[in-house]
Amino acid sequence: MHIGLIGLGKMGFNMRARLRQGGIEVTGYDRNPEVTDVATVEALVAALPSPRVIWVMVPSGQITDSVIDQLGTLLSPGDLVIDGGNSRFTEDQKHAAQLAEKSIRFVDCGVSGGVWGLENGYGLMAGGSDEDIESLLPIFDALRPEGERSDSFVHVGAVGAGHYAKMVHNGIEYGLMQSYAEGYELLAAKDIIKDLPGTFRAWQKGTVVRSWLLDLMVKALEEDPGLASIDDYVEDSGEGRWTVEEAIANAVPAPAITAALFARFASREDSSPANKMVSALRNQFGGHAMKPAK
């Protein structure tokens, strides 16, 4: 199988490598000449066999819009576009309708795994028709971890469902990180706690709060025990806001996720050890930039 991949940043670069390891031929395009396989999107399209499959892995919003617009002018009926970025689910429906006018198929896929996906594999949440998803299973299987497909891949529903599931996934992530971070701040504030990193390390096996995020928390503390090099300003990339908006729209109470989002807003005003930990965790799993300590 031979696919195109547009966007070779922190996620896309590693995804290209994992796909190739899984036996998928990949032609990648990026504006960075040091990582791209071809010089232009036009050259990418020309390099692919028909029906073409192109995975788009660029930032959501205007950049994704522009790539979809461009592909709409270059692709042929029967070709297929996958949006694997963090687009809002309502944008998927717009893009699918736009491409359908030219008989170009569309699938959305939420991707989780961050900068560790090359080594560990990616969790995948796809939205689209049964026929399109079935045709893409070799790609999904190459990207996901080894083992049962249902443990790391789901066909959530129609177009938009994949990114809706990923949005909620990221909202849950906000709440989990905030809970770990608040626990860290409370332990750090108590003078009877003499081994703070060791406390979290001891939770990694056998306890009910063990998780990959906890493992990354321990790693962050090993690298910088007091988080002295990190500012407590924590960014939000959109999905948490969208999750809260959807909770309001559907009258679903989501106090933990909402509080975690508001805590990120508060981080931009006051100094907080908890927010330093959230910033450190975002860097650990996703490679997100941290502000250096002032």
Side-chain angles (χ1 to χ4, degrees), residues 3-7 11-12 15 51-73 75 77-114 117 122-137 139-141 143-144 149-150 152-175 236-252 254 257-258 261 286:
I3 74 165
L5 178 60
I6 297 178
M11 289 279 283
M15 288 172 63
R52 303 174 185 88
V53 174
I54 296 183
W55 190 303
V56 178
M57 204 68 194
V58 301
S60 61
Q62 291 184 346
I63 297 177
T64 296
D65 288 344
S66 66
V67 171
I68 298 296
D69 289 345
Q70 185 177 17
L71 290 176
T73 68
L75 296 180
D79 291 347
L80 192 153
V81 174
I82 308 165
D83 180 3
N86 278 329
S87 294
R88 190 164 184 165
F89 73 100
T90 49
E91 294 300 293
D92 295 323
Q93 294 157 0
K94 181 185 76 174
H95 292 149
Q98 174 186 344
L99 294 175
E101 293 178 359
K102 301 183 179 182
S103 298
I104 300 168
R105 298 172 290 158
F106 181 87
V107 164
D108 64 285
C109 186
V111 181
S112 181
Y122 300 89
L124 305 168
M125 297 142 268
S129 73
D130 291 343
E131 296 78 12
D132 290 342
I133 299 300
E134 183 70 26
S135 72
L136 297 172
L137 285 179
I139 297 170
F140 297 138
D141 284 344
L143 286 171
R144 66 178 181 81
R149 181 184 289 154
S150 58
S152 54
F153 169 82
V154 59
H155 177 194
V156 189
V159 166
H163 276 147
Y164 196 95
K166 179 57 163 50
M167 174 193 73
V168 176
H169 165 283
N170 284 22
I172 293 169
E173 185 182 282
Y174 275 49
D236 69 286
S237 52
E239 297 91 338
R241 299 186 188 209
W242 301 340
T243 304
V244 172
E245 290 171 7
E246 281 296 302
I248 293 169
N250 291 280
V252 173
I257 294 172
T258 303
L261 175 65

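Values below: all heavy atoms of this structure, side chains included; hydrogens, waters and symmetry mates excluded.
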Going by the rule side chain to side chain donor-acceptor pair (under 3.5 Å), which residues pair with Thr64 if we only count those two or more places apart in sequence or in a different chain?
none
dist Trp242:CH2 -> Ser60:OG (nearest 0.5 Å) comes out at 4.5 Å
Please answer whether the main-chain N or O of Gly85 pairs with a side-chain N or O of His163 as donor and acceptor at a distance below 3.5 Å.
yes
Option passing side-chain contact (heavy atoms from CB on, under 4.5 Å) with Asp83 (candidates Val67, Val159, Asp92)
Asp92
I'd like to check Leu124 versus Val111 (side-chain heavy atoms, cut-off strictly below 4.5 Å). Are they in contact?
yes
Take Tyr174 and Thr243 through the side chain to side chain contact (heavy atoms under 4.5 Å, CB included) test and state the conclusion after the steps.
CA-CA 10 Å; Tyr174 275 49; Thr243 304; over 6 Å; no
Gln70: which residues meet the side chain to side chain donor-acceptor pair (under 3.5 Å) condition with it, sequence neighbours left out?
none
Spacing of Leu261 atom CG and Arg241 atom CZ [to the nearest 0.5 Å]
6.5 Å
If you measure from SG on Cys109 to CG on Leu143, what distance do you get to the nearest 0.5 Å?
8.0 Å
Report the residues that fulfil side chain to side chain contact (heavy atoms under 4.5 Å, CB included) with Asn86, sequence neighbours left out, ordered by chain and then residue number.
Lys166, Asn170, Glu239
Straight-line distance of Glu91 CD to Gln98 CD, nearest 0.5 Å:
10.0 Å
Could you name each residue pair satisfying salt bridge (Lys or Arg N to Asp or Glu O under 4.0 Å) that touches residues 53-65, not counting sequence neighbours?
Asp65-Lys94
Could you tell me which residues satisfy salt bridge (Lys or Arg N to Asp or Glu O under 4.0 Å) with Asp141, sequence neighbours excluded, listed by chain and number?
Arg144, Arg149
By side chain to side chain donor-acceptor pair (under 3.5 Å), which residues pair with Ser112, not counting sequence neighbours?
His169
Taking only residues two or more places apart in sequence, or in another chain, which ones meet Ile248 in a side chain to side chain contact (heavy atoms under 4.5 Å, CB included)?
Val244
Side chains of Glu246 and Arg88, heavy atoms from C-beta outward: is any pair under 4.5 Å?
yes
State, with a plain yes or no, whether a side-chain heavy atom of Phe106 is found less than 4.5 Å away from one of Ile68.
yes
Heavy atoms, side chains only, cut-off 4.5 Å: are Ile6 and Leu71 in contact?
yes
Keeping to residues at least two apart or across chains, list the salt bridge (Lys or Arg N to Asp or Glu O under 4.0 Å) pairs with something in residues 51-63.
Arg52-Asp79
Does anything in residues 101-110 pair up under side chain to side chain donor-acceptor pair (under 3.5 Å), and if so which pairs, sequence neighbours excluded?
Arg105-Asp132
For Asp130, the side chain to side chain contact (heavy atoms under 4.5 Å, CB included) test, sequence neighbours excluded, returns His155
Between CD of Glu131 and CG of Leu136, what distance do you get to the nearest 0.5 Å?
11.5 Å
Please report the interatomic distance CE(Met11) to OH(Tyr122), rounded to the nearest 0.5 Å.
5.5 Å
With Ala161, which residues qualify under side chain to side chain contact (heavy atoms under 4.5 Å, CB included), at least two apart?
Val156
Any side-chain heavy-atom pair of Ile133 and Phe153 under 4.5 Å
yes
So, for Ala247 and Ala254, which heavy atoms are closest and what is the spacing to 0.1 Å?
CB-CB, 3.9 Å
